[in-house]
Amino acid sequence: MSTDTPAGDTGSGFVVDRDLTIGNVTALQEALMHHAWQESGAQLDCSAVEEIDSAGLQLLLSLKKHIPGDEVTVRLTHCCDDIRRDLGIYGVRDHFVMVDDDEQA
Amino acid sequence: MDNMNEIFQAEATENLGILEESLLELEADPSNVELVNKAFRAMHTIKGAGGMFGFDDLSSFTHELETVFDRVRAGEFAATPELIGVVLDAKDHISGMLDDPEQTPEQAAAGTALIARLRAAIPGGGGETEPVIAAEAAPAAGAAAPEKSDVEDAELRVVQIRLKPCANTYELGFDPKPVLRELAELGEAQVNLRTDGVPTLQELHPEQCSLYWDVTLETAQPDDAIRDAFIFVQDDWQIEIREIEVDAEQEDADRLGEILVQRGELSEESIQQVIEQKSRVGEILQSAGLVNEEQIQSALAEQQARKAVRKKQEQASQEGMVRVPARKLDNLVDLVGELVIVQARLNQLASERQDERLFAVSEELDRLGTELRDTTFSVRMLPIGSTFSRFRRLVRDLSRDLGKEIRMLTEGAETELDKMVIDSLGDPMVHLIRNSIDHGIELPADRESSGKPREGTIQLSAEHRDSNVVIRIRDDGHGIDPGRIRAKAVERGLISEHDQLTREEIYHLIFEPGFSTAEKISDISGRGVGMDVVKKSIQALRGTVSVDSVPGQGTVFTIQLPLTLAIIEGLLVAVSEERYVIPMSVVEECIELPSDHEREKSGSRLCNIRGELVPYLRLREHCMVAGEAPGIEQVVITCIGDTRFGFAVDEVVGQYQTVIKSLGKLYEQVDGIAGATILGDGGIAMILDVAELSENADEPPEIYH
């Protein structure tokens, strides 16, 4: 199961500890709902995510609507190349802020 | 997913067929760009769908072929015979991977070896290097460049695609990613995810899809290529494809509003109100809360694409097709057959009761039943060309093995035949074609020495004749020497030296079991175990096969088959209480048989039809039906090919729509009976095998001496 981590600079942090795929979305939904999100911002550590499908993507978008605030920003950190590529295929890059490792540091 | 895998395998097999056909045609016409594109598209579809359905090895392997053919498409080099040969072998390898996705090490090694051969076969070198993307590769020096791809020549256009998966798509194992990826490969794609329907976390059903996409595609590809991206998605996905008319003169901001209106996301009234403010429409609309950011972005993408390309006429829309498993159609045909039997019972009942109202219902049902039957059968009819295509490869490979030069020609490939008949026709035709290649067509040098062109031809043709299909396999080889046939038949004890046979009868001897005139036994044909099997296979389809030849000029095999095996129009006849059905397709006429018309000679019965003596068979005697014949019998004259033959019966009852039922294993070997049918009164009538009965009956004395 995913575990909470200390919040980053721009919102409450969450470690996604498994692939963002259809087999995991129900469990991840449960964990995301019980996480204490700060207003207008969220940061997800995706270093353990090797694969994303549209069910996982939908979960992230649903999170974006779940977080209170007008201009919600969801930051994805430590995304591997495959995830970045797939987010591009899905046409969704603009929906998230991709944070490079250097920038994150 | 098993069902989906089956669909994938069926469609991949179909695409492999298209690939093979295209390659073989390309071999004869290497500069044909359309054939290159056709082959490429088949590879591309197999690769894409393979990846989607978990056939990863197959997909990777096909990708190698696709990469090479993409370079052919780009005009870097031509599709040489060597390259085509390797790709044909690779196509066979893919077939194997399709049947058995779990590859053995040997199969994997064979695949690797094929890839190496493929690279080595690239004209102008480059065989040792990794395939490169066509657009980045320089033309190979000295390579014969085919004409530019028509895709390159085609104008760019803008296509707007809305892709909306059904809600349960995840449960069924589908994800839009491969489709989006495939679309992106078709040109410049602007993908915009639409999240209107995405609920909050609490309301989300994570296994239900609420996403959809707008894709604005700048492409030179035709609509078919775009639709191919959706080949394997479910029917209940909403796919909208529309070409955008591009007008470079109207690039002002007002167009953005028009786009949104065209999409139904904004009313004309709303846009007019905002336009009057003469500000940036997108910002105004968004700030007015009429559209959201995603809608604006998607429309902007379309607007940009419109600016980038010029108008292109919309491709002709593809006719909607539905793929249905063959077994469902078989069930439907069976049900129609049962309906026909019930209708016959109803008709019988109406006759017995002399009930006019019942007659009216029966006639109406008869009319509808006939329409239903014809429609159902038409659904099962397939063009025979699909079978012809299979043989092109056979001709190519066998002629090479034997050092012969043979070209295959086809005619009437669009002729339709019942799927079941087509499926059963493959093996006998393979044997006949092998026979023509092996024994008929000469070696190139021999042909030249006898004044023929080096290249021989095998022509496959098909045509409808009445309710039959006539298929011919014609070669221009050295023909069959009737003297040799006769000598061999005497040697084998099939005929005596004194038997005098017509030319047709002599040629027909080659269909006798164990008959062969081949001097050398090869693994292709010549063991004498095939032609009798061919004849039996064709007869099992209620067809006939014959052969004719002109020594030195060639041979033609003629196969005549019924259009369908399920229901036929028959002529119902009666002998005492027994009923029989004679297929209407062979019935020529019915005559009365007074006793003075009968002649008997050498045990054969003959009747005089306007001066011509026609042999006939008394069904009463042949079927050992008890009782006396009436004073005047009826003779049904049939005609198969050039042979006329009669059947003497007590009564001709009339035309009868006959649902053919198998006799079962116990009776299937009974000579002269092709099956049975259930009559309206519940009785059974045997269906006569006219070809067999006439063949085995005593021959007329004019021919035998």
Side-chain angles (χ1 to χ4, degrees), chain A residues 2 12 14 16 18-37 39 42 44 49-74 76 82-96 98, chain B residues 1 51-52 161-185 188-217 229 233 237 289 292-294 296-298 300-301:
Chain A
S2 55
S12 48
F14 183 92
V16 186
R18 61 194 67 192
D19 286 341
L20 280 159
T21 52
I22 183 67
N24 298 327
V25 286
T26 304
L28 285 169
Q29 179 190 24
E30 194 68 19
L32 290 169
M33 277 198 301
H34 291 95
H35 186 77
W37 299 101
E39 190 166 330
L44 276 69
V49 182
E50 293 178 348
E51 194 180 344
I52 185 168
D53 62 18
S54 65
L57 174 62
Q58 180 175 254
L59 185 71
L60 296 183
L61 293 164
S62 187
L63 170 67
K64 199 172 173 185
K65 293 193 174 181
H66 171 79
I67 295 171
D70 291 336
E71 297 286 332
V72 176
T73 302
V74 174
L76 304 179
D82 286 350
I83 299 299
R84 289 169 186 268
R85 180 203 60 207
D86 286 351
L87 290 176
I89 291 172
Y90 284 123
V92 76
R93 274 189 184 143
D94 293 345
H95 290 69
F96 305 104
M98 307 295 291
Chain B
M1 283 298 280
M52 188 181 285
I161 302 158
R162 175 157 291 181
L163 166 65
K164 200 166 190 174
C166 57
N168 64 341
T169 193
Y170 301 147
E171 293 170 18
L172 297 169
F174 284 97
D175 190 273
K177 194 193 304 178
V179 177
L180 293 168
R181 188 189 295 129
E182 185 131 345
L183 288 173
E185 288 176 2
E188 287 293 321
Q190 182 73 42
V191 181
N192 288 285
L193 175 66
R194 303 297 299 270
T195 60
D196 318 355
V198 175
T200 61
L201 266 183
Q202 287 91 342
E203 295 166 340
L204 178 70
H205 296 286
E207 294 180 349
Q208 288 201 344
C209 181
S210 52
L211 303 173
Y212 65 103
W213 284 262
D214 285 337
V215 180
T216 306
L217 185 64
V233 302
W237 282 29
N292 61 31
E293 172 66 18
E294 285 172 6
I296 292 290
Q297 289 304 324
S298 179
L300 278 171

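Letters go in sequence order (proteins before strands), and every chain restarts at 1.
- Between chain B and the residues Ile89(A), Leu59(A), Val25(A), the largest count of heavy-atom pairs under 4.5 Å involves Ile89(A).
- Top candidate by heavy-atom pairs under 4.5 Å with chain A, chosen from Leu201(B), Asn192(B), Leu193(B), Asp175(B), is Leu201(B).
- For chain B, no part of Leu87(A) is nearby; none of its heavy atoms comes within less than 4.5 Å.
- Residue pairs meeting the side chain to side chain donor-acceptor pair (under 3.5 Å) criterion with at least one member in residues 59-69 of chain A, sequence neighbours excluded, are His66(A)-Gln202(B).
- Note: Phe174(B) and Trp237(B) have perpendicular aromatic rings, judged against thresholds of 30 and 60 degrees for the angle between ring planes.
- Gln208(B) touches chain A through its backbone: at least one of N, CA, C or O sits under 4.5 Å from a heavy atom, while the side chain does not.
- For the residue pair Asp53(A)/Thr21(A), the side-chain donor-acceptor check at 3.5 Å is not satisfied.
- Taking the side-chain hydrogen bond (donor to acceptor under 3.5 Å, both in side chains) definition, one finds that Arg162(B) meets it with Asp214(B), Glu265(B), sequence neighbours left out.
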